[in-house]
Amino acid sequence: SRQGEEFAGGRVVSELPSPSESDGAAVIAIGESAVRLSFAHRMRADGWRLPTLVHPSAVVSPSAVLGEGTVVMAACVLQADVVAGRAVVINTGAIVEHDTVLDDGVHLASGAIVGGHVRVGELSLIGGGAVVRVRPDGSELEFVVRHTRNIFDVAMSPSLDGFLYDNTNDGDGWNSRLSYVVNGAEM
């Protein structure tokens, strides 16, 4: 436990002091979405400010809107008109394409890619290396492929065949590969 230690310019605590006993701002570092969102609601009701944090290497469109307590990690890309709710985690290297809505408490794991015009519902987790397909109204969310590594790009043919370009360590180094994506594949 790092309780009581100084970390990244702040103090690690397991019990909340009063906002008046500090500068009134706190970052919630909890991975479990339901617990993180519950803490955000409780802390907000107690008067805490929940800053939005964006890593300097992240690329965030000026038209993107990030809710309070949302954290965008290194090497993420958020395209035009992305909206992220309260207490969202967009983890390292995740890509969120244009006109996508991430409801409160969503967690995009490292390397996840969410296409344009998608709504990801409250408390959803999109795992690392996942490619998902969903209707523009947010219904019929399905995983197209799981457990890929280091996705560089995803493409769809005119007949809706899926392809992804990633790399993998099959024992001879990190070799690039182009894969035909079979719906439901585990890579």
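- In this structure, NE2 in H98 is found 11.5 Å from OG in S61, a value given to the nearest 0.5 Å.
- The nearest pair of heavy atoms linking V106 to L102 is CG2-C, 4.1 Å.
- Under the 4.5 Å side-chain heavy-atom criterion for grouping Ile, Leu, Val, Met, Phe, Trp and Tyr, V60 is not connected to V71 through any hydrophobic cluster.
- Judged by distance alone, with hydrogens and angles left aside, the side-chain atoms of S57 form a donor-acceptor pair with the main-chain N or O of A75 at under 3.5 Å.
- Separating the CD1 atom in I95 from the SG atom in C76 is a distance of 9.0 Å, to the nearest 0.5 Å.
- Under the 4.5 Å side-chain heavy-atom criterion for ILVMFWY residues, no single connected hydrophobic cluster contains both L108 and V101.
- Nearest heavy-atom pair across A94 and A109 is CB-O, 4.0 Å.
- Nearest approach of A26 to P51, heavy atoms of both residues: O-CD, 3.2 Å.
- L50 and V89 fall into different hydrophobic clusters, where Ile, Leu, Val, Met, Phe, Trp and Tyr side chains are chained together by heavy-atom contacts under 4.5 Å.
- Salt-bridge annotation for R49 and E68: absent, with no side-chain N of the basic residue lying under 4.0 Å from a carboxylate O of the acidic one.
- Remark: side-chain polar atoms of R36 are paired, donor with acceptor, to backbone N or O of G31 under 3.5 angstrom.
- A cation-pi contact links R42 to F39, judged by a cut-off of 6.0 Å to the six-membered ring centre and 45° from its axis.
- A donor-acceptor pair is defined here as one N or O able to donate and one able to accept, closer than 3.5 Å; no such pair exists between the side chain of S124 and the backbone of H107.
- Listed by chain and residue number, nothing satisfies the ring pair (Phe, Tyr, Trp, His ring centres under 6.0 Å) test with H55 (two or more places apart in sequence, or in another chain).
- Grouping Ile, Leu, Val, Met, Phe, Trp and Tyr residues whose side-chain heavy atoms lie under 4.5 Å apart, directly or via other members, places L123 in a hydrophobic cluster with L37.
- Contact record, G105 with V88: N-CG2, 4.0 Å, taken as the closest heavy-atom pair.
- Following chains of ILVMFWY side-chain contacts shorter than 4.5 Å, one can reach V118 starting from I126, so the two form part of one hydrophobic cluster.
- Counting only distance, with no hydrogens or angles, the side chain of S110 and the backbone of N91 share no donor-acceptor pair below 3.5 Å.
- Rounding to the nearest 0.5 Å gives a distance of 10.0 Å between CE of M73 and CD1 of I90.
- At distances below 3.5 Å, at least one donor-acceptor pair connects side-chain atoms of D104 with backbone N or O atoms of R86.
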Kindly indicate, with the supporting measurements, whether the criterion side chain to side chain contact (heavy atoms under 4.5 Å, CB included) is fulfilled by V82 and V65. CA-CA 6 Å; V82 166; V65 177; over 6 Å; no
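- At least one donor-acceptor pair closer than 3.5 Å links the side chain of T70 to the backbone N or O of G85.
- With a 4.5 Å cut-off on side-chain heavy atoms, V72 and L66 count as touching.
- Considering OG1 of T100 and NE2 of H117, their distance stands at 8.0 Å, rounded to 0.5 Å.
- By the criterion of side-chain heavy atoms lying less than 4.5 angstrom apart, applied directly or through intervening Ile, Leu, Val, Met, Phe, Trp or Tyr residues, V54 is grouped together with V96 in one hydrophobic cluster.
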Let me see the working for D103 and V120 under side chain to side chain contact (heavy atoms under 4.5 Å, CB included), right down to the final yes or no. CA-CA 6 Å; D103 285 339; V120 180; over 6 Å; no
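- Under a 4.5 Å side-chain heavy-atom criterion applied to ILVMFWY residues, the cluster that includes L125 comprises that residue alone.
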